[in-house]
Amino acid sequence: MLDNLRKYHIILASNSPRRRELLAGLGIDYEVRTIQGIDESYPADLPVNQIAEYIAAEKAAAYQKQMAADELIITADTIVVVDTEVLGKPQDADDARRMLHQLSNRTHQVITGVCITTAEKQRRFSVITDVTFKALTDEEIDYYITNYRPFDKAGAYGIQEWIGYIGVTGLHGSYFNVMGLPVQRIYNELRDF
């Protein structure tokens, strides 16, 4: 599959073990390459549904400066949005607790922006998934934070972890998008690249 990619050396530009696992699930040979200190800020007036794609494009721009002619680089960014508030990665346990209380007994959106970049072209897109949580108790939230330390996850949770098992009551869209990489869309984009 994806024979059209044989001419490329594929790079996943991410430290995320979840993204690595998901991309590997497509049966694609790739290398992980990361650059530290990429600015992940965005303009304050940017519409919420464009933020993740904007950040993914900014990450791609950082890699373009040093990419070889035969490389294809995949960059991504995931945000969690409740109402119009963007929930990034929590700063500490109190911030994680605040976020999980906001998500409790509500539906929110998980938006992953992706850029697929070569020396000749770039494809950019976002995938949105609606996720609904049951009413979480303080005890459940504290247990999750203490045992899973979700400080590297947007919205302070990983759907594939304990909190997802006991808390998620509904999902509309891609499950893998919520994990951080919409692999079904990436497969289609790479197939047509």
Side-chain angles (χ1 to χ4, degrees), residues 12-25 32 34 36-56 58-59 75-114 126-186:
L12 174 63
S14 177
N15 273 323
S16 167
R18 291 164 299 284
R19 286 190 179 128
R20 290 180 207 160
E21 173 189 344
L22 290 170
L23 190 59
V32 172
T34 58
Q36 300 302 315
I38 296 175
D39 183 13
E40 294 188 19
S41 62
Y42 51 88
D45 61 345
L46 193 65
V48 172
N49 63 346
Q50 295 176 19
I51 292 171
E53 190 172 321
Y54 175 88
I55 295 171
E58 290 295 299
K59 290 177 180 179
T75 56
D77 191 75
T78 301
I79 63 170
V80 171
V81 179
V82 60
D83 295 327
T84 59
E85 183 181 349
V86 176
L87 303 182
K89 296 173 184 172
Q91 297 173 2
D92 54 29
D94 287 338
D95 198 27
R97 195 171 289 107
R98 176 190 66 81
M99 290 181 186
L100 290 169
H101 276 288
Q102 269 186 279
L103 300 175
S104 178
N105 204 32
R106 301 185 66 189
T107 298
H108 62 276
Q109 287 72 48
V110 177
I111 306 172
T112 300
V114 177
S126 294
V127 174
I128 300 173
T129 303
D130 292 327
V131 180
T132 303
F133 269 100
K134 72 170 191 148
L136 299 168
T137 67
D138 289 339
E139 182 181 31
E140 289 165 341
I141 289 171
D142 288 341
Y143 174 85
Y144 177 64
I145 292 169
T146 299
N147 290 284
Y148 291 86
R149 307 189 53 75
F151 307 123
D152 64 337
K153 296 171 179 64
Y157 80 93
I159 194 168
Q160 72 281 4
E161 295 177 337
W162 182 84
I163 198 81
Y165 298 164
I166 65 101
V168 173
T169 60
L171 185 132
H172 185 274
S174 167
Y175 173 82
F176 298 113
N177 184 56
V178 182
M179 284 181 66
L181 202 63
V183 286
Q184 71 292 334
R185 176 72 184 269
I186 288 173

[X] versus [Y], closest heavy-atom pair with distance:
X: T84; Y: V48; answer: O-CG2, 3.7 Å
X: S14; Y: S16; answer: OG-N, 3.0 Å
X: E53; Y: S126; answer: OE1-OG, 2.9 Å

Pairs meeting criterion salt bridge (Lys or Arg N to Asp or Glu O under 4.0 Å) with involvement of residues 156-172, two or more places apart: K153-E161
With sequence neighbours left out, which residue pairs that include part of residues 12-24 fulfil the salt bridge (Lys or Arg N to Asp or Glu O under 4.0 Å) condition? R18-D152
Between N177 and T129, is there a side-chain donor-acceptor contact under 3.5 Å, judged purely by atom types and distance? yes
Between the side chains of H108 and D83, does any donor sit under 3.5 Å from an acceptor? no
Supply the atom-to-atom distance [X] [atom1] to [Y] [atom2], rounded to the nearest 0.5 angstrom.
X: T34; Y: N15; atom1: OG1; atom2: CG; result: 4.5 Å
X: I163; Y: E140; atom1: CD1; atom2: CD; result: 6.5 Å
X: D142; Y: L136; atom1: CG; atom2: CG; result: 11.0 Å
X: L12; Y: L23; atom1: CG; atom2: CG; result: 5.5 Å

Would you say that [X] contacts [Y] through its side chain, given a criterion of any heavy-atom pair below 4.5 Å between the two side chains?
X: V131; Y: Y157; answer: yes
X: L103; Y: V82; answer: yes
X: F151; Y: I145; answer: yes
X: T137; Y: I141; answer: no
X: V114; Y: I186; answer: yes
X: K59; Y: D77; answer: yes
X: L181; Y: F176; answer: no
X: I51; Y: I111; answer: no

Is a donor on one side and an acceptor on the other found under 3.5 Å between the side chain of Q50 and the backbone of P47? no
Is there a donor-acceptor pair closer than 3.5 Å between any side-chain N or O of T112 and the backbone N or O of T78? no
Please list all pairs meeting side chain to side chain donor-acceptor pair (under 3.5 Å) that have one or both residues in residues 163-174, counting only residues at least two apart or in different chains. S174-Q184
Taking side chain to side chain donor-acceptor pair (under 3.5 Å) as the cut-off, I'd like each qualifying pair that reaches into residues 36-48, sequence neighbours left out, listed once. D39-S41
Carefully, step by step, assess Q109 and V80 under the rule side-chain contact (heavy atoms from CB on, under 4.5 Å). CA-CA 6 Å; Q109 287 72 48; V80 171; over 6 Å; no
When the side chains of residues 87-96 are checked against the rest of the protein, which donor-acceptor pairs come out under 3.5 Å, sequence neighbours left out?
unit_1, atom_1, unit_2, atom_2, d
D92, OD1, D94, N, 3.2
D92, OD1, D95, N, 2.8
D94, OD1, R97, NH1, 2.9
D95, OD1, R98, NE, 3.1
D95, OD1, R98, NH2, 2.9
D95, OD2, Q91, N, 3.0

Run I159 and Y175 through side-chain contact (heavy atoms from CB on, under 4.5 Å) and show every step you take. CA-CA 8 Å; I159 194 168; Y175 173 82; 3.7 Å; yes
What residues, two or more places apart in sequence or in another chain, satisfy side-chain contact (heavy atoms from CB on, under 4.5 Å) together with E58? Y54
